[in-house]
Amino acid sequence: MTDIKDLEIKLKLCKNFIVKEVIALDPVIRRQWLYTYKGIVEYVDTNTSELSQEQIIGASIYRDLIEQVEEFISLETYEGQNFNRYKSRDRSDSKYEVIYQKRLEQMKEDFPDPEVFREK
């Protein structure tokens with residue numbers, strides 16, 4: 001049987017993993033993620049009497065994730081700063097590296113670093 005402390009650690013690690021994944025998303029996709037999960041939390045908050053305990057607990061986890069993601073976003077110097085921050089260093093499939101580089105250029109165009117923009 002797994003003890004409570006073990007489960008708490010696993011949940012914390014999973015939440016940290018998800019937060020890192022979300023903040024590294026394209027800012028447009030990240031906004032969509034936030035919109036979707038805020039909608040789920042709002043739905044649960046307004047329909048608690050109709051939902052199971054598991055759904056209510058799930059919404060509580062989403063609420064924590066949303067809070068952590070928004071906190072990380074607020075620390076960014078500019079929107080998109082963390083795009084693909086934790087990118088794999090695996091270069092075994094060059095087709096994905098080409099796609100990544102193309103998207104990185106699009107990101108720089110769509111969400112420029114203000115310091116680089118000021119220098120120009």
Side-chain angles (χ1 to χ4, degrees):
M1 178 181 252
T2 306
D3 78 346
I4 299 297
K5 197 67 176 162
D6 187 43
L7 289 173
E8 287 175 349
I9 291 168
K10 287 179 180 180
L11 179 60
K12 183 178 179 180
L13 291 171
C14 286
K15 287 162 79 174
N16 288 340
F17 172 77
I18 291 169
V19 168
K20 282 176 64 175
E21 291 296 312
V22 173
I23 65 160
L25 292 172
D26 173 315
V28 174
I29 302 304
R30 191 169 64 181
R31 282 187 198 159
Q32 186 60 47
W33 184 93
L34 285 166
Y35 177 80
T36 298
Y37 289 96
K38 282 181 177 181
I40 291 170
V41 169
E42 184 179 317
Y43 178 82
V44 169
D45 288 346
T46 57
N47 297 285
T48 303
S49 62
E50 303 168 15
L51 302 171
S52 70
Q53 189 63 26
E54 285 180 2
Q55 291 169 314
I56 294 168
I57 291 170
S60 173
I61 293 169
Y62 289 150
R63 189 177 286 109
D64 291 346
L65 291 171
I66 291 165
E67 183 180 312
Q68 289 178 22
V69 166
E70 288 180 330
E71 185 179 324
F72 269 96
I73 291 171
S74 73
L75 298 174
E76 289 182 339
T77 305
Y78 61 94
E79 190 169 17
Q81 178 181 8
N82 288 307
F83 172 67
N84 230 358
R85 181 178 190 148
Y86 307 104
K87 180 181 173 289
S88 169
R89 301 296 177 230
D90 178 17
R91 304 278 194 248
S92 62
D93 193 339
S94 63
K95 126 178 133 175
Y96 292 111
E97 182 62 21
V98 170
I99 293 169
Y100 168 72
Q101 291 301 326
K102 180 178 178 185
R103 186 63 191 121
L104 189 58
E105 289 305 312
Q106 291 171 333
M107 286 294 301
K108 288 177 184 175
E109 206 173 289
D110 295 342
F111 301 96
D113 177 346
E115 293 305 314
V116 172
F117 186 70
R118 286 184 191 119
E119 290 172 9
K120 291 181 179 181

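Numbering of residues begins at 1 and proceeds along the displayed sequence. Here the structure is a predicted model, which is why all the values come from computation and not from measurement.
Between Met107 and Pro27, the shortest heavy-atom contact is CE-CD, 3.0 Å. The nearest pair of heavy atoms linking Leu51 to Ile56 is O-CD1, 4.2 Å. A pairwise comparison of heavy atoms in Ser74 and Glu71 identifies OG-O, 2.6 Å as the closest pair. Here the closest heavy-atom approach between residue Gln55 and residue Val44 is recorded as O-CG2, 4.2 Å.
Note that CZ of Arg31 and OH of Tyr35 are 14.0 Å apart. Values are rounded to the nearest 0.5 Å. Taken from CD1 in Ile18 to CG in Leu65, the straight-line distance is 5.0 Å, to the nearest 0.5 Å. Remark: Asn16 CG to Lys12 NZ distance equals 6.5 Å, nearest 0.5 Å. Atom CG of Asp6 sits about 4.5 Å away from atom NZ of Lys10, to the nearest 0.5 Å. To the nearest 0.5 Å, atom CD1 of residue Ile73 and atom CD1 of residue Ile23 are 8.0 Å apart.
Remark: Glu21 engages no residue in a salt bridge (charged side-chain N to carboxylate O under 4.0 Å, His left out) (not counting sequence neighbours).
Gln81 is not listed as a side-chain neighbour of Leu75, based on a closest heavy-atom distance of 4.5 Å or more. Residues Leu11 and Ile61 have side chains in contact (heavy-atom distance under 4.5 Å, counting atoms from C-beta outward). Side-chain contact between Glu79 and Arg30 is present, with at least one heavy-atom pair separated by less than 4.5 Å. At a threshold of 4.5 Å between non-hydrogen side-chain atoms, the residues Ile40 and Tyr37 count as touching. Residues Asp26 and Asp110 have side chains not in contact (no heavy-atom distance under 4.5 Å, counting atoms from C-beta outward). At least one side-chain heavy atom of Arg63 sits under 4.5 Å from a side-chain heavy atom of Asp45. A 4.5 Å side-chain heavy-atom check between Gln101 and Leu104 finds at least one atom pair inside the cut-off. Residues Thr36 and Tyr62 form no side-chain contact, since every pair of their non-hydrogen atoms from C-beta on lies 4.5 Å or further apart.
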Discussion item. Does Glu76 form a salt bridge (Lys or Arg N to Asp or Glu O under 4.0 Å) with Arg85? I'd like the steps, not just the answer.
Written reply: CA-CA 12 Å; Glu76 289 182 339; Arg85 181 178 190 148; over 6 Å; no
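The environment of CZ in Phe111 is crowded: more than 12 heavy-atom neighbours from other residues, nucleotides or ligands sit within 6.0 Å. In the displayed structure, Gln106 atom CD is contacted under 6.0 Å by more than 12 heavy atoms of other residues, nucleotides or ligands. Within 6.0 Å of the CD atom in Glu54, the count of heavy atoms belonging to other residues, nucleotides or ligands does not exceed 12.
Hydrophobic side-chain contacts under 4.5 Å tie Tyr78 to no other Ile, Leu, Val, Met, Phe, Trp or Tyr residue.
Under the 4.0 Å criterion applied to side-chain N and carboxylate O atoms, Glu105 and Lys108 are assigned as salt-bridge partners.
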